[in-house]
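Before any comments, here is the structure.
From a predicted model like this one, the values you see are computed outputs, not experimental measurements. Hydrogens, waters and symmetry mates are skipped; everything else that's a heavy atom, side chains included, is used.
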Amino acid sequence: PRSLAALSDGTLLVAGAGGSTSDPGAWAMRVDDDGALLWSRRFGGERAHAVRVLANGDLLLVGGAGGVRTWLGRLGANGELRWSRTISQR
């Protein structure tokens, strides 16, 4: 895991990279206050380095790969991907 955020309902969001070393992909999971898994998601291609909780309860993952791309992914509170953007830094 690379990042951790506490949500107002007492749950925790953990984000990082999952999968193989050749295709790590961004990964996020949400656990309740007893540590029980609520959901776990993997998003291909990029690594997640940070997570932020937005005012409306959505979750923003920020990451990238190799210092040449930035990846942003916005998730709903249940882990559904609302949108994903990859931005080249060249």
Side-chain angles (χ1 to χ4, degrees):
R2 293 270 193 158
S3 188
L4 175 71
L7 286 77
S8 61
D9 63 359
T11 62
L12 296 174
L13 183 74
V14 181
S20 68
T21 54
S22 62
D23 181 27
W27 162 82
M29 73 174 185
R30 190 169 182 173
V31 297
D32 69 15
D33 57 356
D34 291 322
L37 181 66
L38 298 174
W39 54 258
S40 179
R41 307 280 189 270
R42 183 174 179 271
F43 311 97
E46 308 295 340
R47 294 175 173 96
H49 298 293
V51 61
R52 296 292 182 264
V53 181
L54 303 178
N56 71 345
D58 281 1
L59 310 165
L60 183 65
L61 298 177
V62 180
V68 297
R69 291 187 308 270
T70 297
W71 176 78
L72 301 169
R74 186 171 183 159
L75 310 180
N78 292 320
E80 71 277 8
L81 184 64
R82 295 193 187 278
W83 54 258
S84 174
R85 305 284 188 276
T86 301
I87 303 161
S88 175
Q89 296 177 4
R90 293 183 189 187

Open item on the list: Using a 3.5 Å distance criterion without hydrogens, assess whether the side chain of R82 forms a donor-acceptor pair with backbone atoms of L59.
Closed with: no

Open item on the list: Going by side chain to side chain contact (heavy atoms under 4.5 Å, CB included), name the residues that satisfy it together with I87, two or more places apart in sequence or in a different chain.
Closed with: L72

Task: Closest approach of A15 to L61 (non-hydrogen atoms, all atoms of both residues) - done: CB-CD2, 3.7 Å

TODO: First locate atom CG of L13, then atom CH2 of W39, and finally report the distance between them rounded to the nearest 0.5 Å.
DONE: 5.0 Å

TODO: Using the rule that two of Ile, Leu, Val, Met, Phe, Trp, Tyr join whenever any of their side-chain heavy atoms come within less than 4.5 Å, decide whether V31 and L4 are in one cluster.
DONE: yes

TODO: Could you tell me whether a side-chain N or O of D34 sits under 3.5 Å from a main-chain N or O of A36, the two making a donor and an acceptor?
DONE: no

Open item on the list: So, using side chain to side chain contact (heavy atoms under 4.5 Å, CB included) as the criterion, who are the partners of D9 when residues are at least two apart?
Closed with: L7, T11, R30

Open item on the list: Just to verify, what does A6 make a side chain to side chain contact (heavy atoms under 4.5 Å, CB included) with, not counting sequence neighbours?
Closed with: L12

Open item on the list: How close do A26 and W71 get, counting heavy atoms only, and between which atoms?
Closed with: CB-CZ3, 3.6 Å

Open item on the list: Nearest 0.5 angstrom please: W27 CH2 to M29 CE, how far?
Closed with: 4.0 Å

Task: For N56, side chain to side chain contact (heavy atoms under 4.5 Å, CB included) partners two or more places apart - done: L54, D58, R74

TODO: Over all heavy atoms of both residues, which pair between E80 and R41 is shortest? Give the atoms and the distance, please.
DONE: N-NE, 4.5 Å

Task: Nearest heavy atoms of S3 and V51, plus distance in Å - done: OG-N, 3.1 Å

Task: Non-hydrogen atoms of L75 and A28 that approach each other most closely - done: CD1-CB, 4.3 Å

